[in-house]
Participant: 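Structure incoming, see below.
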Amino acid sequence: MAVTADAVARLAAIEKSQGYWRSVWTRFLRDKVAVCAGCVAAGLVLMAIFAPWIAPADPLDGSMIKRLSPIGTEGYPLGADELGRDMLSRLIYGARLSLFMGVVPVLIAFAIGAAIGIAAGYLGGWVNTITMRVLDVLYAFPSVLLAIAISGALGAGILNGLLSLTVVFIPPIARVAESVTTSVRKLEYIEAAQASGASSLRIVRDHVLGNVLGPIFVYATSLISVSMILAAGLSFLGLGVSPPNAEWGLMLNTLRNAIYVQPWLAALPGVMIFLTSISFNMLSDGLRSAMDVKQ
Amino acid sequence: MLSFILRRVFYTVPIMLGVSLVCFALVHISPGDPLVSILPPDASVELQEQMMAIYGFDRSYPEQFLRWLGLALQGDLGNSIATGRPVASEVFNAVGNTLILAVTATIIGFTLGGLFGFVAGYFRDSWIDKLATAISVIGVSVPHYWLGMVMVIIFSVELRWLPATGAGPGGSSQWVWDWEHMQYLILPAVTMSVIPMGIVARTVRALVADILQQEFVSGLRAKGLLDRGVLAHVIKNAAPTALAVMGLQLGYLLGGSILIETVFSWPGTGFLLGQAIFQRDLPLLQGTILVLAMFFVVLNLLVDVAQTSLDPRLQRG
């Protein structure tokens, strides 16, 4: 009898662990806004991957006589930019660098920030105090200012842009990781694991990570939208990506001079930044409510 | 209360030191010799060493930092490489213009955002709530520099109602609150206000919805208080947090105004930063960022103190 009860309990636990992700997925599918946003985001990623097959023309190949052709010109469905390059192709190819510059810093910052935050939260004590005080200093800068300060000092370039954005996103992610880990560490089952002699590394790996990575990840996804705007903003200022690369922020920058000639053409790259940013934002909101993370 | 303020001020000092250390480090993480932009390429070794000694680059980093910090505390942020003028006076002029822009934007954003958020939280799940939520999502996801361009396209290029760039006659130094000048302020301020509007709307909505669910509201209703009376209690409870968010948003706008100031050629700190980056004028970059970051730290302190004095419950936490 006792054996059966044990088996039932174990089965229930297995079913529960599978059931959690299944119920997250069901809840997510019920949220129509989030599903739409997810489709748009996925579409943008696919567009970036398959750019060479989708784009009708070479994004770097311009024709001087076609300079600033209006939207709807024969052969140039979305017009041509200030060097006569096909706008549609540049917008499609632009997804590659723009998404890369927007998403990669958040991923790196997620890895580093989560590691710092979990370590500080689990170890507690003076390690926690010192780590969090150091992060507070970076936190004391408005994010736009810090990104511009670092990449302004380092100079233009893709790598410098990535580096400065990563530095900007580490402190907020580490803060969230620290607070989530601190609250998990105080739970009784961690105490039980400690009492049964498990090493710190093992406790973190087996008992802490599973409970904290979800909320930290959800928080990190909410930063992608900000990161997209900031990354394109750096290129818009002449930092970050440099010409002749196709990147939405940079395209907005170079087309700004044409605002009196072809105003709506000049605004097109911004539509792409907006679309990406808003779809990631709503996707992240949907993930948060589906995973029931409170923040 | 006094002990809380003292503790909070005491806590700010190491942050300020850290912030100045980061600003000091900016010049040293930048690639190349910091003197390259002043010296001619064929400068002799002696001249180079002489200049190194004048600027103090021959000393150790801690020594350089203390010297720089000492001068900064006396209001000397060095001279701009491009113009040769003192960085402090350039930044001082620009801060005034950025304040005009950021304060106006914060007021617009807070009024509209607060209103949207309040109505949305009060009539939760109604169509007006959905509309307000949509506006706040758009507000935080729109690239504001692009929104600025779109504003210029609509109101300056197509309709020709408002000037596209600059700060009016008199340039950067003479701001007057008359129509001739204020028409230059409208587009950048409205563009900038979209950022705090979204965030304030989101915060106020959550606050109001949360307060309405608390027991004391049911208590007030049970006591027979009319909706209008309940409203006053809700506002009183939401105000401290809402004001704190407003203060922080002002800080973010001050520090993050560079993109909007670039779009509108508004002669503030952001425009100055843009110039510093473009001309690789490192002392100007360093000085401007130091001043803006310090503004942000002090503003945070003020917001904390103000919020706690408005809502004494926070002191215990």
Participant: Chain B heavy atoms under 4.5 Å from A:N281: which part of the residue, side chain, backbone, both or neither?
Facilitator: side chain

Participant: Give the minimum heavy-atom separation between A:W264 and B:V150, together with the two atoms involved.
Facilitator: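 For A:W264 versus B:V150, the nearest heavy atoms are CZ3-CG1, 4.4 Å.
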
Participant: CD1/B:I153 to CD/A:Q262 distance, rounded to the nearest 0.5 angstrom?
Facilitator: 10.5 Å

Participant: With a 4.5 angstrom heavy-atom cut-off, is it the side chain or the backbone of A:F236 that approaches chain B, or both, or neither?
Facilitator: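 It is the side chain, since no backbone atom gets that close.
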
Participant: Can you tell if the side chain of B:L273 reaches within under 4.5 Å of the side chain of A:L145, non-hydrogen atoms only?
Facilitator: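 Side chain of B:L273 against side chain of A:L145, heavy atoms only: contact under 4.5 Å found.
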
Participant: Scan side-chain atoms only and decide if A:Y139 and B:N300 contain a donor-acceptor pair under the 3.5 Å cut-off.
Facilitator: no

Participant: Can you tell me how far apart CE (B:M294) and CZ (A:F141) are? Round to the nearest 0.5 Å.
Facilitator: 7.5 Å

Participant: So which residue, B:V297, B:I258, B:L17, ends up with the most heavy-atom pairs under 4.5 Å with chain A?
Facilitator: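 It is B:I258.
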
Participant: Please classify the contact of B:L285 with chain A as side chain, backbone, both or neither, using a heavy-atom distance under 4.5 Å.
Facilitator: side chain

Participant: Which bit of A:A147 is near chain B, if near means a heavy-atom gap under 4.5 Å: side chain, backbone, both or neither?
Facilitator: neither

Participant: If I measure from the heavy atoms of chain B, does A:A266 come under 4.5 Å with its side chain, its backbone, both, or neither?
Facilitator: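 For A:A266, heavy atoms of backbone and side chain both lie under 4.5 Å from chain B.
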
Participant: I need the residue from A:G238, A:A232, A:S225, A:A156 with the largest number of non-hydrogen atom pairs under 4.5 Å to chain B.
Facilitator: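 Top count of heavy-atom pairs under 4.5 Å with chain B: A:A232.
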
Participant: Run the numbers on B:W146 and A:V271 for side chain to side chain contact (heavy atoms under 4.5 Å, CB included), then give the verdict.
Facilitator: CA-CA 8 Å; B:W146 171 72; A:V271 178; 3.6 Å; yes

Participant: More than 12 heavy atoms of other residues, nucleotides or ligands under 6.0 Å from CZ of B:F65: is that the case?
Facilitator: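 Counting other residues, nucleotides and ligands, CZ of B:F65 exceeds 12 neighbours.
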
Participant: Between B:G251, B:G270, B:A293, B:P143, who has the most heavy-atom pairs with chain A when the cutoff is under 4.5 Å?
Facilitator: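 Heavy-atom pairs under 4.5 Å are most numerous for B:P143.
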
Participant: Which bit of A:L275 is near chain B, if near means a heavy-atom gap under 4.5 Å: side chain, backbone, both or neither?
Facilitator: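 Neither part, no heavy atoms under 4.5 Å.
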
Participant: Could you tell me which portion of B:V152 (side chain, backbone, both or neither) has an atom closer than 4.5 angstrom to a non-hydrogen atom of chain A?
Facilitator: side chain

Participant: Measure distances from B:Q286 to the heavy atoms of chain A and classify the residue's part below 4.5 Å as side chain, backbone, both or neither.
Facilitator: neither

Participant: With a 4.5 angstrom heavy-atom cut-off, is it the side chain or the backbone of A:D285 that approaches chain B, or both, or neither?
Facilitator: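 Looking at A:D285, just its side chain touches chain B.
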
Participant: Quick check: closest heavy atoms across A:A153 and B:L282, and the distance to 0.1 Å?
Facilitator: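 Result for this residue pair: CA-CD2, 4.4 Å.
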
Participant: Most heavy-atom pairs under 4.5 angstrom with chain B, which of A:D136, A:N160, A:V144, A:L138?
Facilitator: A:D136

Participant: Atom CG of residue position A:L159 - does it have more than 12 heavy atoms of other residues, nucleotides or ligands inside 6.0 Å?
Facilitator: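 No, the 6.0 Å shell around CG holds no more than 12 heavy atoms from other groups.
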
Participant: Identify the heavy atoms of A:P263 and B:V157 that sit nearest to each other, and give their distance.
Facilitator: CG-CG1, 4.2 Å

Participant: Once you round to the nearest 0.5 Å, how far does CG of A:L146 lie from CG of B:L292?
Facilitator: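 A:L146 atom CG to B:L292 atom CG measures 12.5 Å (nearest 0.5 Å).
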
Participant: CG of A:L237 to CG of B:L259: how many Å apart, nearest 0.5 Å?
Facilitator: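 Between A:L237 CG and B:L259 CG, I get 4.5 Å after rounding to 0.5 Å.
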
Participant: Is there a side-chain contact between B:P14 and A:R133, using heavy atoms and a 4.5 Å cut-off?
Facilitator: no

Participant: Please report the closest heavy-atom contact between B:F296 and A:A140, naming both atoms and the distance.
Facilitator: CD2-O, 2.7 Å

Participant: For B:Y11, is it the side chain, the backbone, both, or neither that has a heavy atom closer than 4.5 Å to a heavy atom of chain A?
Facilitator: side chain

Participant: Side chain, backbone, both or neither: which part of B:V22 has an atom under 4.5 Å from a heavy atom of chain A?
Facilitator: side chain

Participant: Is there a side-chain contact between A:R256 and B:Y145, using heavy atoms and a 4.5 Å cut-off?
Facilitator: no

Participant: Please state whether the side chain, the backbone, both or neither of A:V226 comes within less than 4.5 Å of a heavy atom of chain B.
Facilitator: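 Neither part; nothing is under 4.5 Å.
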
Participant: Quick one: CG on B:L147 to CD1 on A:I273, what's the gap to the nearest 0.5 Å?
Facilitator: 12.0 Å

